[in-house]
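I have placed the structure first, in the form of structure tokens, so that the comments after it can refer back to it.
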Amino acid sequence: KAGVTQTPRYLIKTRGQQVTLSCSPISGHRSVSWYQQTPGQGLQFLFEYFSETQRNKGNFPGRFSGRQFSNSRSEMNVSTLELGDSALYLCASSFQGDSGNTIYFGEGSWLTVV
Amino acid sequence: AQSVTQLDSQVPVFEEAPVELRCNYSSSVSVYLFWYVQYPNQGLQLLLKYLSGSTLVKGINGFEAEFNKSQTSFHLRKPSVHISDTAEYFCAVSVSSGSARQLTFGSGTQLTVLP
């Protein structure tokens with residue numbers, strides 16, 4: 001079974017631009033969540049989607065947004081990029097009904113803002 | 001709200017020696033507990049999880065962890081480490097009730113295995 005797939009793996013953007021990151025969850029998983037990882041702040045929860053609805057949101061500004069499609073694939077968007085948005089963005093998926101809430105992670109998208 | 005404290009940011013250990021990575025958590029509700037490992041330039045891989053039942057949990061790669069409710073701890077152990085265990089290790093919690101899937105992570109422990 002294929003794991004969580006994220007694209008692109010690496011990208012460089014300029015301040016003020018916007019970026020869209022894509023995530024394909026494990027087949028059969030309906031919950032997709034996003035995390036930001038930085039050296040200073042560590043791993044922080046961005047948001048979680050289930051059946052195309054945002055179910056939970058972390059403490060990030062409105063420049064960070066996401067969506068989920070009917071096939072459970074998800075995208076996240078960051079508008080008006082700032083230098084501090086440079087980070088590893090991790091997508092994760094889980095299967096609704098898994099009482100253990102096991103969350104499986106992709107390899108991440110490395111975003112550098114210059 | 002939940003919080004996770006990993007008491008050691010860096011742990012150097014010689015190959016074949018035992019290791020313990022410490023994790024304490026704080027929560028007003030019941031939680032599930034997890035340990036993840038991150039190798040350089042990779043995502044997170046689940047090592048083990050505690051949901052309920054036996055407080056000693058065995059995971060992949062020879063790791064195990066013990067849940068101690070009174071001390072709100074979930075320390076990770078391995079009796080004999082290998083060079084390939086060099087990585088960053090994250091302890092995490094999630095609320096055990098409700099439908100939301102959200103992990104709260106500790107700041108991580110860099111394990112370096114020395115030859």
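All chains are named by letter (A, B, ...) in the order of the sequence lines, taking the proteins before the strands, and each is independently numbered beginning at 1.
- A/W34 and A/W110 fall into different hydrophobic clusters, defined by Ile, Leu, Val, Met, Phe, Trp and Tyr side-chain heavy atoms under 4.5 Å apart, directly or through other members.
- For B/L44, the parts sitting under 4.5 Å from any heavy atom of chain A are the backbone and the side chain alike.
- Annotation: A/N71, atom CG; neighbour count of heavy atoms from other residues, nucleotides and ligands within 6.0 Å is above 12.
- The minimum heavy-atom distance linking A/I103 with B/Y36 is given by the pair O-OH, 2.5 Å.
- A/L90 touches chain B through its side chain: at least one heavy atom from C-beta onward sits under 4.5 Å away, while N, CA, C and O do not.
- Side-chain heavy atoms closer than 4.5 Å link hydrophobic residues (I, L, V, M, F, W, Y) into clusters, and following such links, even through other members, never connects A/V4 to A/F69.
- Of the atoms belonging to A/Y35, it is side-chain heavy atoms, and not backbone ones, that fall under 4.5 Å from chain B.
- For B/Y50, no part sits under 4.5 Å from any heavy atom of chain A, backbone or side chain.
- Crowding of A/R9 atom CZ: a count of heavy atoms from other residues, nucleotides or ligands under 6.0 Å exceeding 12.
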Chi angles and distances behind the side-chain contact (heavy atoms from CB on, under 4.5 Å) call for A/F105, B/Q42: CA-CA 10 Å; A/F105 286 82; B/Q42 293 189 24; over 6 Å; no
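- Side-chain heavy atoms closer than 4.5 Å link hydrophobic residues (I, L, V, M, F, W, Y) into clusters, and following such links, even through other members, never connects B/F105 to B/L7.
- A 4.5 Å side-chain heavy-atom check between B/Q38 and A/L88 finds at least one atom pair inside the cut-off.
- Rounded to the nearest 0.5 angstrom, A/S94 OG and B/Q102 CD are separated by 12.0 Å.
- For B/F14, the CZ atom counts as loosely surrounded, since its 6.0 Å shell holds 12 or fewer non-hydrogen atoms of other residues, nucleotides or ligands.
- Taken together through direct or relayed side-chain contacts under 4.5 Å among Ile, Leu, Val, Met, Phe, Trp and Tyr, B/I60 and B/V113 form part of one hydrophobic cluster.
- Under the 4.5 Å side-chain criterion, counting only non-hydrogen atoms from C-beta, A/Q37 is in contact with B/F90.
- Taking every heavy atom of both residues into account, A/F45 and B/L103 meet most closely at CB-O, 4.3 Å.
- For A/Q44, no part sits under 4.5 Å from any heavy atom of chain B, backbone or side chain.
- At a threshold of 4.5 Å between side-chain heavy atoms, the hydrophobic network of Ile, Leu, Val, Met, Phe, Trp and Tyr places A/I12 and A/V78 in two separate groups.
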